[in-house]
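Remarks on the structure that follows.
Read the numbers this way: they start at 1 and go in the same order the structure lists the ligands and their atoms. We number each residue from 1, following the sequence as shown. Keep in mind it's a predicted model, so treat the numbers as computed, not measured.
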Amino acid sequence: MPDRIVHAPAKINLHLEVLGLRPDGFHELAMVMQTLDLADTLHLRSTADGQIRLRCPGADLPTDGNNLIVRAAELLRAHVGLPELGAEIDLEKRIPIGAGLAGGSSDAAAALVGLDALWGLAVGPAVLHTLACRLGSDVPYCLAGGTRLCFGRGERLEPVPSGAAPLPAVLLIKHPQASVSTPWAYGLCRERRGATYLSGEEAFEQRRQALRQGPLLAALAGAGPLPPLRNDLQAVVEPEVASVAAGLALLRRAPGALAVAMSGSGPSLFALFADATAAGQAHAQLAPELAAAGFEAWCCRATDRGVSLEAAAAVPRP
Ligand code: C5P
């Protein structure tokens with residue numbers, strides 16, 4: 001089998017609403033997710049020794065069974081009952097780690113798609129979705145990508161009706177020393193807001209319907225201005241994490257910003273712009289202050305795709 005290359009895009013949350021608690025202990029969510037053109041790359045090579053070897057030089061990441069890529073590989077070959085399948089995987093990490101950008105989830109989704117092709121399994125989209133759900137709440141979305149409504153734990157995907165509106169440009173920032181644990185952020189949300197959580201499918205469905213028919217979806221379809229973005233985790237994380245509060249304050253002063261929010265459980269933050277020129281100008285204007293405060297920054301574009309497999313070819317190893 002030829003080597004394969006898969007791209008694993010980062011995502012941001014255009015909406016993250018915590019509806020309540022589920023019987024499985026996870027939170028019931030109503031989200032709008034959006035993929036970016038900031039992506040990791042996985043280079044895959046088949047081996048016949050039953051070993052899954054992951055290399056990621058220069059990144060502070062586990063490369064053993066604690067890495068979601070390795071877990072995805074093990075899950076896929078266990079599903080097809082072929083333990084002799086092996087792979088060497090080189091990960092080029094570009095998405096900041098522990099940032100609320102679903103980098104690990106997207107890498108896992110990319111591993112499923114890439115190894116399915118590399119090993120010639122063709123398990124089909126339904127099996128990939130089921131395996132993705134077992135790997136993490138964001139992994140099914142990362143398979144699909146684009147602009148999507150995500151309900152349940154995050155795995156129930158619905159398309160966002162597309163319209164005339166072009167996808168926004170994004171200025172993304174993250175403080176390299178900041179990291180937020182996702183379970184901590186959800187735990188804090190439960191502590192602070194648990195008393196107001198909704199319960200029951202009827203109440204959840206009302207909120208889903210409000211999102212489907214609300215101003216954010218209208219704006220994404222080109223039928224109105226972008227409303228302020230809602231992220232319920234931001235409301236609890238911003239007062240606790242100094243770099244999140246400082247970064248949001250900086251982005252709120254960005255000229256031309258249409259909206260500003262934290263992504264996922266943070267600590268990465270973003271501003272949306274009408275186009276790449278506006279994002280670039282805002283970046284240039286804020287660059288001295290961002291650098292002084294120690295932030296890393298990326299000018300990105302929203303994209304309409306999730307993990308993507310390059311056509312099979314003889315490809316050079318990194
Ligand atoms: O599914 P994933 O492993 O990404 O979730 C990480 C953690 O985030 C969970 O252990 C849980 O604490 C929290 N979480 C949640 N509700 C969700 C998704 C994640 O409480 N819908």
Side-chain angles (χ1 to χ4, degrees), residues 8-35 40 61-62 64-75 95-112 128-145 148-158 178-201 203-205 207-208 211 230-237 240-241 244 262-268 306-307:
K11 64 85 185 156
I12 52 174
N13 294 79
L14 301 180
H15 185 89
L16 193 167
E17 189 175 345
V18 174
L19 302 184
L21 269 182
R22 300 158 49 91
D24 62 11
F26 280 73
H27 284 85
E28 182 72 27
L29 304 175
M31 303 189 283
V32 178
M33 308 258 242
Q34 173 64 61
T35 35
D40 294 340
L61 272 180
D64 59 9
N66 290 312
N67 191 297
L68 268 188
I69 292 177
V70 176
R71 287 182 38 210
E74 288 170 347
L75 197 60
I95 305 172
I97 297 163
L101 298 170
S105 300
S106 196
D107 291 346
L112 288 177
L128 288 179
H129 180 86
T130 304
L131 299 180
C133 291
R134 290 177 57 189
L135 289 164
S137 305
D138 287 344
V139 183
Y141 163 74
C142 292
L143 283 175
R148 283 190 200 255
L149 288 154
C150 304
F151 299 129
R153 275 169 60 199
E155 85 293 3
R156 277 178 55 190
L157 310 182
E158 280 182 25
S179 89
V180 172
S181 144
T182 303
W184 172 80
Y186 277 105
L188 192 63
C189 184
R190 186 176 174 178
E191 202 181 294
R192 302 267 163 89
R193 298 197 36 238
T196 65
Y197 279 4
L198 302 172
S199 62
E201 180 52 27
F204 295 159
E205 186 52 29
R207 293 303 312 155
R208 291 182 201 120
L211 179 59
R230 173 172 176 178
N231 178 341
D232 289 348
L233 296 178
Q234 178 184 326
V236 293
V237 170
E240 300 290 329
V241 180
V244 168
M262 186 176 86
S263 182
S265 56
S268 59
V307 299

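- Atoms CD and OG, from Q34 and S263 in turn, are 11.0 Å apart once rounded to the nearest 0.5 Å.
- Cation-pi geometry between R156 and F151 is not met: the NZ or CZ atom fails to fall both under 6.0 Å from the ring centre and inside 45° of the normal.
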Could you check Q234 against D232 for side-chain contact (heavy atoms from CB on, under 4.5 Å), going step by step and ending with a plain yes or no? CA-CA 5 Å; Q234 178 184 326; D232 289 348; over 6 Å; no
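- Residues of the protein with a heavy atom under 4.0 Å from ligand 1 are F26, H27, L29, G136, S137, R153, T182, P183, Y186, listed by chain and number.
- For R134, the CZ atom sits in a loose shell: 12 or fewer heavy atoms of surrounding residues, nucleotides or ligands are nearer than 6.0 Å.
- A heavy-atom distance below 4.5 Å is found between the side chains of M262 and V244.
- Considering P96, S106, P9 as possible partners of L101, the one that fulfils the side-chain contact (heavy atoms from CB on, under 4.5 Å) test is P96.
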